[in-house]
Amino acid sequence: MARARDRGVRGAVLVGGASRRMGRRKAMLEDAGQSWLARIGAVLAERADSIVLVGEGPVPRDATWPRLPDDPAVSGPLGGVLAALRSDPGAAWIVVACDQPDLSLDALDWLLAQRAPGVRAVLPRVDGHVQPLLSFWEAGAADWLIRQAPRAGEGPRALADRADCATPDVPAAIASAWQDYDTPEELARRATRRC
């Protein structure tokens, strides 16, 4: 497969969530002395021309990429997506959250392989549920997103019903890359699985 570097793809890692359920900022979580954010960025850098962090949340010292504020035109994670898309409208974007530490090259390669003519965004499905993060957005998708932006409370999953939004099922072998961690209990289960 051709590397994304040949295709004008950039990467965005969302770091703006309040992390209320976790009780501490998820962008600051780490494994074995490396932040999740640094690990995610290193994997993403293998398939993206450049990386930006999107959001106002604190980030660890090993995450040195440029930052963008969330776009206030849209609430929730879509504010981060829109900020990235608007910052470089001519680029395609891979968007991932800072609490998806199991991101893999296999997952990124699969995601990029879902590109198709006429598709503005790829929002994969895991166990039947649309996953708005670890998603792909074509160049020029900012205007499309603004026109299609879900009403308050709907979130990005509302985009999945559109013909120009692909929602392919993620193969089980790479589905862990879409797993996010929102609570201390989920973190504990992850640690148990990794032992």
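Values reported hereafter were calculated over all heavy atoms of this structure, with side chains retained and with hydrogens, waters and symmetry mates removed.
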Do the non-hydrogen side-chain atoms of [X] and [Y] ever get within less than 4.5 Å of each other?
X: L123; Y: C165; answer: yes
X: L105; Y: R47; answer: yes
X: P60; Y: L37; answer: yes
X: I174; Y: W110; answer: yes

Cut-off 3.5 Å, no hydrogens considered: what does the side-chain donor-acceptor table look like for residues 9-16, sequence neighbours left out?
| residue | atom | partner | partner atom | Å |
| --- | --- | --- | --- | --- |
| R10 | NE | S50 | OG | 2.7 |
| R10 | NH1 | D88 | OD2 | 3.4 |
| R10 | NH2 | S50 | OG | 3.2 |

Report task. Just jot down the ring pair (Phe, Tyr, Trp, His ring centres under 6.0 Å) partners of W93, sequence neighbours excluded, or say none. Result -> none
Query raised in the report: Does any donor atom in the side chain of D99 or W36 lie under 3.5 Å from an acceptor atom in the other side chain?
Result: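 On atom types as modelled, these side chains do not qualify, holding no pair under 3.5 Å.
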**Report entry** Under 3.5 Å side-chain donor-acceptor pair for S135 and W137
**Finding:**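 The criterion, which ignores hydrogens and geometry beyond distance, is satisfied for W137 and S135.
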Query raised in the report: Minimum heavy-atom separation for R120 to G140, with atom names?
Result: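 Scanning both residues completely, I find the closest heavy atoms to be NH1-O, 3.4 Å.
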Query - Heavy-atom closest pair, residues P124 and L134 - result: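 Looking at all heavy atoms of both residues, the shortest contact is CD-O, 3.7 Å.
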**Report entry** All side-chain contact (heavy atoms from CB on, under 4.5 Å) counterparts of T64, not counting sequence neighbours
**Finding:** none
Requested in this report: Under the salt bridge (charged side-chain N to carboxylate O under 4.0 Å, His left out) rule, collect the residues that match up with D180, sequence neighbours excluded.
Outcome: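 So D180 forms no salt bridge (charged side-chain N to carboxylate O under 4.0 Å, His left out) with any residue.
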Query raised in the report: What residues form a salt bridge (charged side-chain N to carboxylate O under 4.0 Å, His left out) with R86, not counting sequence neighbours?
Result: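 Expected list: D71.
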Query - By side chain to side chain donor-acceptor pair (under 3.5 Å) - contacts of S35 (at least two apart) - result: D62
